[in-house]
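Quick caveat: nothing in here was measured; it's all calculated off a predicted structure. So you know, we letter chains A, B, ... as the sequences are listed, proteins then strands, and number each from 1.
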Amino acid sequence: GESVGLHLPTLSVQEGDNSIINCAYSNSASDYFIWYKQESGKGPQFIIDIRSNMDKRQGQRVTVLLNKTVKHLSLQIAATQPGDSAVYFCAENMGYGKLTFGQGTILTVHP
Amino acid sequence: DGGITQSPKYLFRKEGQNVTLSCEQNLNHDAMYWYRQDPGQGLRLIYYSQIVNDFQKGDIAEGYSVSREKKESFPLTVTSAQKNPTAFYLCASTAARGNTIYFGEGSWLTVV
C-alpha cells in the first residue's frame, strides 16, 4: 500500500544551527500534509501544515517545503534550540483524519 | 481551556480484562479518532468517528471497541481479545475534513 516515510531516523545538530528533516510520500493524490513534534510521553503537537496547491509555507522558525514532482516534504527549523529536541513526524491526511504517519525522525540538539 | 483530555494517563490491565480509556474534547469538533503508538513507531489508526452514533474501523481495530453517544466523548475499550495491548494510546479530533487534527496527551496501557 501507499505510505509516508522518513529518510533519516536520527538527526543531531548544534544549538543555533538550522535543521532539515525530510519525508517522502508515495500517494500522489494526497493533498494535505502535516508536521508534528512529539516529546517523550506526550501527544503529537501540531507544528505546521501545507496543502498540495502550495510549495512552501512558513511559520515561526519553521518552514515546510513540498515538492510534488518527487513527492518529497521537508521541515526546516531555523536556529534550532535544545527545546526543539523531539521526534518529528510527517503525516499525510488521506481524508477526514485518516492520517498516515512515517516512522519519525529523532532530532537531538546539543548545547 | 479548550482541548482534548485523555484519562487515565497510566493504566495497568491484567490479562483477560477489558479496560476503557476516556477521551473528552471541548473543541466542538465533529470527528474523533483513536491511534495506537508502539515504542519507536508512528501512529496507527484504531477507530474513528465522524459524527455522533457513527464510527468506522481503522487499520488495527481488532480487539478494540468504541462508542460515540455524545459529540464530546469517544471512549475506547481494549478488550481481552487484544493480545498485545501494551502501548501508548492517543485520541485526536478535527473540526472537518482537511482541517488540522489535534491530539490529546495520551494514555499508557500496560498489561501485567
- Step-by-step side chain to side chain contact (heavy atoms under 4.5 Å, CB included) determination, B/F74 to B/Y47: CA-CA 10 Å; B/F74 191 40; B/Y47 266 99; 4.2 Å; yes
- Message: Between B/L43 and chain A, with a heavy-atom cut-off of 4.5 Å, which part of the residue counts as in contact: side chain, backbone, both or neither?
- Response: both
- Query: Okay, side chain of B/S49, backbone of B/D54: is any donor-acceptor separation there less than 3.5 Å?
  - Reply: yes
- Task: Using a strict 4.0 Å threshold on nitrogen-to-oxygen distance, state whether B/D38 and B/R44 make a salt bridge.
- Result: yes
- Under 4.5 Å between side-chain heavy atoms, hopping through other hydrophobics if needed: is there a path connecting A/F89 to B/I101? yes
- Per-residue contact mode, A/Q38 against chain B (heavy atom under 4.5 angstrom): side chain
- Query: B/Q37 versus chain A, heavy atoms under 4.5 Å apart: side chain, backbone, both or neither?
  - Reply: side chain
